[in-house]
Amino acid sequence: MLNHIHQWTRPLKRFPLKSLTPLSSLTFTKPSASASAAADTNPADTYDPAASLEILKCLKSKDLYSSSLCLKTLVDRLNSVQVDEVIGDLGAEDPELAIELFYLLKNEHGFRHSRVCSFVVAHVLAGKRRLMELRSFLRELVEEEGSGSAPSLCELLGNRFRVWESNGLVWDMFAFVYSRSEMVHDALFVLAKMKDLNIRASILTYNSLLFNLRHTNIMLDVYEEIKASGTPQSEYTTSILVDGLCRQSLFQEAVAFHQETERKGSMPSVVSFNTLISRFCEVGYVDVAKSFFCMMFKYGLLPDAYSYNILIHGLCVAGSMEEALEFTDDMENHGVEPDVVTYNILAKGFHLLGMMCGAWEIIRHMLHKGLNPDIVIYTILMCGHCQTGDIEKVSELREEMLSQGFQLNDICYSVLLSSLCKKGRISEALSLLHEMESIGLKPDLVTYSILIHGLCKQGEVQHAIQLYNKMHSKRVFPNSFTHSAILWGLSEKGTLSEARTFFDALTKSGLIKDIVLYNIMIHRYAKHGKIGEAVQLYKQIFESRITPSIVTFNSLIYGFCKSRKLAEARTWLDAINTHGLVPTAVTYTTLMNALCEEGNIRGMLEVLSEMETRAIKPTSVTYTVVVKGLCKQHRLQESLHLLDSMHAKGISPDEFTYNTIIHCFCKAQDMRKAFQLHSEMLLHNVQPGPVTYNVLINGLCVNRDLKEADRYFSFLQDQNIRLTKPAYTTLIKAHCAKGDASKADALFRQMVEKGFEISIRDYSAMINRLSRRKLTTNVKVFLRMMLSDGISLDQEICLVILNAFRGVGDLNSEFELLAVTIKHGLFPD
DNA sequence: CTAGGGTTAG
């Protein structure tokens, strides 16, 4: 039977849980008499060294597993120290059994083995050259011990195990797993100790360490050490260094290093080339990447599938789909078959361009080639259709994935969650989270961040914080994405000082250096007109040794505009260049909007042309501001022209643009043109929103017969078009102004029925208007409605109503209300 | 070394 067990070659990490099931189900040997007897007695008061000797004998004769009863005896009878001793003894005699016993006791019986015991097992594994198992074993050990554990573990390893034959191997693997578990300081400590003991580290360990240090300047120190130690390097050593230098923005050094290999007599490797191509693509230098690609041929090297995929990816991200497709053909012509990854990259490229039909075309092509779409490409498709709002297609895809035997993974769920959140459908998102958990998927940092962000955007900050705490308790730790969502939520929903407290708590430690957090805070101060505080924070950015981004400057400029300090805003705009940044459309649009508000349309247009000469593409927001400005000067024809030229330039006007221009035509009493623009919206597939309809309703109320407004309103309701509260209040106000209390009354009731939140402001607006017209019967009705709605009176409204009652001579009502007023302490002194 | 999910500004 044991032979059976020993044939299991799977890594030990997976071994424990499954090991007992087959063992205990086997019933070929009767439990020994001594074992049964021992199990019947209470272990606590019958601790018996002789019994453990018996068990050890049992073990040595490989009879341990003959029954689970025997094992239970062992567990009950021995204490940790003795178990460790048994395993230690066994390690030399029967290593396999020692390892099995170790795991069995640890995982099934909760034994905490000593470190000594663990190292025995490690040496046994090393001696047997079971390196994968050794790696996962040590990995588990260092992860349990945590960071900072290296010194004490090293001491043990150096003192008690030097004589073991495989000690050097254990040391090396020990350093390796620390590095792999991202406990870099511990790894460095182990390496230093190894140097003292004259044990050489393998290149694998060094490579892993170089990789983990690739963002830091310690990387080169480690490289020096590798050279000094004379450890033979692998081709990955070079590529990791090239990668690291690029990541530290030392591109010239990276290229020099890459070429240095040539001087040393060997060729630069394909891997090293691939790294360079990848990094140059990443920073947007696709042309440079392409020249490295071509250079490979000159060296007589053939690009592999990675080389092609990396370059094709770079081209897709840069939006050069044609070229990406050309390289795919080229790939085939050179005898490198495009693989699933290639097609996924191409599909992503189409998705980025918003061309989902292109992505589908790629799938067709794949199928034609006999390749099956994988979960990645399905995710890309889902993501694309989520963005276009085609929920139908998304659920179809989901069904198809399931029918293809793919279980949705955490990333698919995140895509779905994200699209629900963006649509504000938070409760559906939350139930999807539940679904995810119920099928055993663990939401990760991104998943939680998406939800937290969604909740904050909906104003449910408290709920978001709950989730934030939950994620903490599941040991998923927030990063700057999560923090910024919470900070944004607090600053939007809570008070500025609440947000600031959170911000200070985050930044105080000095560990979190994130410009986005500063940007959010600065923007809030700017919005509240506290430009002084904003500038203060700007200074703090430099003290914290962070680099401001263009968003930082945009927010500051916005702040100065908001505080009507346009000259200063202009100065800040000019200062952007000195920080090596380039203004964006947002920068200019902010300033233009402020000039527009100030009525300085000429100034606004000057900024627009400045923007154009600097080749910064205006967006639809920019043009909307211009439309607003032109309308202010009643230049309606020009604004219509602008609308046309927007279409021509391929910058489609959005709902805001149309709302702005429609509003202008309403103000100019040209309802015909206003409605014509509304039709044009539909024609261009721009969905009119509640604001559009409110503008139109208001236009009809002001410019036409009220009956027409009523008819349009009913028409919209019949069409099931979503209207918001202002549509109702606009119409109610118009009816009140006309003195039609009953119509106003009916509309108000409708508004209540639809479930809109009605505030004291809505009631008092209504009561005010009715009172002014001395319609006291209606006033009484509304008063009762308001009180039954749980809204209490305020002083202002009392006075208005009292006046109305007095005006019509309704003394009873006047005195009744007066009593209430006094009782509630609302009567003025 | 390549492919799928998440922040801030008008």
Side-chain angles (χ1 to χ4, degrees), chain A residues 211 235-236 239-240 242-243 246 269-279 281-282 304-314 316-317 339-349 351 374-384 386 409-419 421-422 444-454 456-457 479-488 491 514-524 526-527 549-559 561-562 584-594 618-622 624-625 656:
Chain A
F211 179 79
E235 63 175 7
Y236 287 98
S239 103
I240 293 166
V242 167
D243 182 47
C246 289
S269 68
V270 174
V271 182
S272 181
F273 264 111
N274 290 350
T275 306
L276 275 178
I277 296 169
S278 169
R279 294 284 84 84
C281 281
E282 203 175 78
D304 60 10
Y306 279 100
S307 324
Y308 276 104
N309 286 344
I310 291 166
L311 187 59
I312 291 169
H313 179 239
C316 283
V317 170
D339 57 10
V340 182
V341 176
T342 320
Y343 292 115
N344 288 351
I345 291 168
L346 290 170
K348 165 82 177 183
H351 159 57
D374 65 0
I375 193 159
V376 174
I377 202 159
Y378 273 116
T379 312
I380 295 171
L381 288 172
M382 285 216 299
C383 190
C386 276
N409 64 14
D410 46 349
I411 296 185
C412 292
Y413 271 103
S414 296
V415 168
L416 295 172
L417 281 169
S418 159
S419 83
C421 285
K422 276 181 189 142
D444 68 359
L445 175 61
V446 177
T447 322
Y448 278 116
S449 298
I450 291 170
L451 273 165
I452 287 172
H453 184 237
C456 288
K457 284 276 170 187
N479 66 0
S480 62
F481 281 86
T482 335
H483 289 140
S484 59
I486 299 269
L487 181 63
W488 190 91
S491 70
D514 185 18
I515 190 61
V516 176
L517 294 175
Y518 280 90
N519 290 347
I520 292 171
M521 214 54 229
I522 288 177
H523 179 248
R524 278 306 142 173
K527 196 164 192 156
S549 71
I550 187 61
V551 180
T552 320
F553 287 97
N554 289 348
S555 298
L556 283 164
I557 290 169
Y558 171 70
C561 288
K562 196 92 184 164
T584 61
V586 179
T587 324
Y588 282 103
T589 310
T590 307
L591 187 59
M592 283 168 64
N593 187 51
T619 65
S620 63
V621 185
T622 317
T624 304
V625 170
F656 287 90

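All values derive from a computational prediction rather than experimental measurement. Every chain is numbered from 1, with letters handed out A, B, ... down the list of sequences.
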Under 4.0 Å, counting only non-hydrogen atoms across every strand here, what does [X] touch: a base, just sugar-phosphate, or nothing?
X	answer
A:Ile345	sugar-phosphate
A:Ser239	nothing
A:Thr447	base
A:Tyr306	base
A:Lys562	nothing
A:Asp339	nothing
A:Val415	sugar-phosphate
A:Thr619	base
A:Asp243	nothing
A:Phe211	sugar-phosphate
A:Thr622	base
A:Leu417	nothing
A:Leu445	base
A:Thr590	sugar-phosphate

Under the side chain to side chain contact (heavy atoms under 4.5 Å, CB included) test, which residues partner [X], sequence neighbours left out?
X	answer
A:Cys412	A:Ile375, A:Thr379, A:Met382, A:Met401, A:Leu408, A:Asn409
A:Cys421	A:Ile426, A:Ala429, A:Ile450, A:Leu451
A:Ala526	A:Tyr558
A:Thr482	A:Leu445, A:Ser449, A:Ile452, A:Tyr468, A:Met471, A:Pro478, A:Asn479

**Prompt:** Along DNA chain B, 5' to 3', what are the outermost nucleotides having an atom less than 4.0 Å from a heavy atom of chain A?
**Reply:** B:dC1 to B:dG10
**Message:** Working note: A:Ser549 + A:Asn519, criterion side chain to side chain donor-acceptor pair (under 3.5 Å); need CA distance, chi angles, decisive distance, verdict.
**Reply:** CA-CA 8 Å; A:Ser549 71; A:Asn519 290 347; 3.2 Å; yes
**Message:** Using side-chain heavy atoms (C-beta onward) and a distance below 4.5 Å, is A:Ser239 in contact with A:Asn274?
**Reply:** no
**Message:** Applying salt bridge (charged side-chain N to carboxylate O under 4.0 Å, His left out), can you list everything that pairs with A:Arg279, at least two apart in sequence or on another chain?
**Reply:** A:Asp243, A:Glu282
